[in-house]
Trainee: 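Take a look at the following structure, please.
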Amino acid sequence: MKKLTKSQVNNILFVVVLGVILFTPVGTQVKIYVNRWLALSPSVENKEDQKTLGTDVNTWKLQDENGHLVHFSDYKGKVVLINFWATWCPPCIAEMPELQELYDAYKNEVVFLFVSQEDLTVINQFKEKHKYTFPIYQYVNKLPLDFNHSSIPTTYLIDKKGAIVINKSGAAAWNSDKVHQVLDDLLKD
C-alpha cells in the first residue's frame, strides 16, 4: 500500500474538520461561538436612509405564546424592537444572550417582539433550557413588506414615529453601550 503524502493527510484532515463543523452538534457550537466572537454593534441607519413603515403594518397581527392576539398598530408611538429568529439558527442562538440582557434592561420602556414561526413546544423548551424570559410571537397574517427578510436573524429597531432606525441581518452585539445610547435617545424623543 502506498504511503500518503503530507499534502494528502492535510486534505483528509481538512475534510474531516469541515464535516464535523457542518454536520454535527459540535459544529453548531463552533458556529455559535464564532458568531458571538465576530458580532459587532448594529449600525444605525443614516437619517436620510431611514424608511418609514408603510400602512400595511397596521393590519399585521401576531399571537403570543399564550394564544393572545396582538395588533402591531397597538404599538404606534412606541419604540419597538422586532427580532425574527429560530432555535436551529446558530447566529440567532449566538445573539440571544445579549438580546435577553437588553430585554431585561428595557422591557418596561421598549416593546420587544421576538418572532419565530417554529412550533411553540420547541421554542418553550429552548427558552427553558437557556432561562430566557423574553416574549415570543408568531404572525397570523401576511408579513408586512417592511419586515420582509431573506435571512435570520433579522432585527428591526423602530422609533416612535415609525422609522426603521436599525435594520440588521445576522448576529449582532445588542447589549452594547452603542445600542443602549440609541435606545435612550429614542425614548427621550
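We use all heavy atoms of the structure for the numbers below, so side chains are in, but hydrogens, waters and symmetry mates are not.
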Trainee: One pair to check against side chain to side chain contact (heavy atoms under 4.5 Å, CB included): Q63 and V70. What are the steps and the verdict?
Mentor: CA-CA 6 Å; Q63 186 172 5; V70 296; over 6 Å; no
Trainee: D104 and Q100: side-chain donor and acceptor closer than 3.5 Å?
Mentor: yes
Trainee: Side chains of S116 and I123, heavy atoms from C-beta outward: is any pair under 4.5 Å?
Mentor: yes
Trainee: Students often mix this up, so state it plainly: with edges at 30° and 60°, are the rings of F147 and F72 parallel, tilted or perpendicular?
Mentor: perpendicular
Trainee: Starting at CD of Q181, measure out to CG of L183 and round the result to the nearest 0.5 Å.
Mentor: 9.5 Å
Trainee: E95 versus N83: any side-chain heavy-atom pair under 4.5 Å?
Mentor: yes
Trainee: Parallel, tilted or perpendicular for W85 and F134, by the 30°/60° rule?
Mentor: perpendicular
Trainee: Side-chain heavy atoms under 4.5 angstrom apart, residues restricted to Ile, Leu, Val, Met, Phe, Trp, Tyr: same cluster for V79 and L62?
Mentor: no
Trainee: Passes side chain to side chain contact (heavy atoms under 4.5 Å, CB included), Y132 versus F126? Steps please.
Mentor: CA-CA 8 Å; Y132 293 143; F126 178 84; 3.7 Å; yes
Trainee: How about CG on D177, more than 12 heavy atoms from neighbouring residues, nucleotides or ligands closer than 6.0 Å, or not?
Mentor: no
Trainee: For Y139 versus Q117, what's the shortest heavy-atom pair and its separation?
Mentor: N-OE1, 3.0 Å
Trainee: Report yes or no: does N66 contribute a side-chain atom to a donor-acceptor pair with the main-chain N or O of H68 at less than 3.5 Å?
Mentor: no
Trainee: Do other residues, nucleotides or ligands put more than 12 heavy atoms under 6.0 Å from the NZ atom of K178?
Mentor: yes
Trainee: Got a second to check how far H149's NE2 is from L143's CG, nearest 0.5 Å?
Mentor: 6.0 Å
Trainee: Taking I166 as the starting point, is it possible to reach V115 by hopping between hydrophobic residues whose side chains are less than 4.5 Å apart?
Mentor: no
Trainee: Drop me the distance from K51's NZ to I158's CD1, to the nearest 0.5 angstrom.
Mentor: 10.5 Å
Trainee: Same hydrophobic cluster for V182 and Y106, using side-chain heavy-atom links shorter than 4.5 Å among ILVMFWY?
Mentor: yes
Trainee: Sub-3.5 Å donor-acceptor pair from the side chain of E65 to the main-chain atoms of L120, do we have one?
Mentor: no
Trainee: Between E98 (side chain) and W174 (backbone), is there a donor-acceptor pair under 3.5 Å?
Mentor: yes
Trainee: Is the count of non-hydrogen atoms from other residues, nucleotides or ligands lying under 6.0 Å from K61 atom NZ greater than 12?
Mentor: no
Trainee: Rounded to the nearest 0.5 Å, what's the gap from OG1 on T5 to CG on N10? Could you check?
Mentor: 8.5 Å
Trainee: Are any side-chain N or O atoms of Q138 and backbone N or O atoms of E118, one a donor and one an acceptor, separated by less than 3.5 Å?
Mentor: yes
Trainee: Calculate, to the nearest 0.5 Å, the distance between atoms OG and CG belonging to S73 and L53 respectively.
Mentor: 12.0 Å
Trainee: In this structure, is the centre-to-centre distance between the rings of Y137 and W60 below 6.0 Å?
Mentor: no
Trainee: In Å and rounded to the nearest 0.5 Å, what is the CD1 to CG distance from I12 to L4?
Mentor: 5.0 Å
Trainee: Kindly indicate whether the side chain of P42, heavy atoms from C-beta on, has any atom under 4.5 Å from the side chain of V179.
Mentor: yes
Trainee: Whether the side chain of D159 engages the backbone of G162 through a donor-acceptor N/O pair (distance < 3.5 Å, no angle test) should be reported.
Mentor: yes
Trainee: For P153 and C89, work out which heavy atoms get closest and say how close.
Mentor: CD-SG, 3.8 Å
Trainee: For the hydrophobic clusters of this structure (ILVMFWY residues joined by side-chain heavy atoms under 4.5 Å, transitively), does one cluster hold both V111 and Y156?
Mentor: yes
Trainee: Do F112 and V80 belong together in a cluster built from hydrophobic side chains that touch within less than 4.5 Å?
Mentor: no
Trainee: Which heavy-atom pair separates A86 from I152 by the least distance, and what is that distance?
Mentor: CB-CD1, 3.6 Å
Trainee: Before giving the answer on side chain to side chain contact (heavy atoms under 4.5 Å, CB included), spell out for L81 and T155 the whole-Å C-alpha distance, their side-chain angles and the decisive distance to 0.1 Å.
Mentor: CA-CA 7 Å; L81 185 140; T155 306; 3.8 Å; yes
Trainee: Please step through side chain to side chain contact (heavy atoms under 4.5 Å, CB included) for the pair L157 and L186, ending with a clear verdict.
Mentor: CA-CA 10 Å; L157 180 61; L186 291 177; 3.7 Å; yes
Trainee: Is any side-chain heavy atom of Q125 closer than 4.5 Å to one of T121?
Mentor: yes
Trainee: Can you name the closest pair of heavy atoms from T52 and K161 and give their distance?
Mentor: CG2-O, 4.3 Å
Trainee: Looking only at side chains, do H180 and N175 share a donor and an acceptor under 3.5 Å apart?
Mentor: yes
Trainee: What is the minimum heavy-atom distance between K168 and A172, and which atoms define it?
Mentor: CE-CB, 3.8 Å
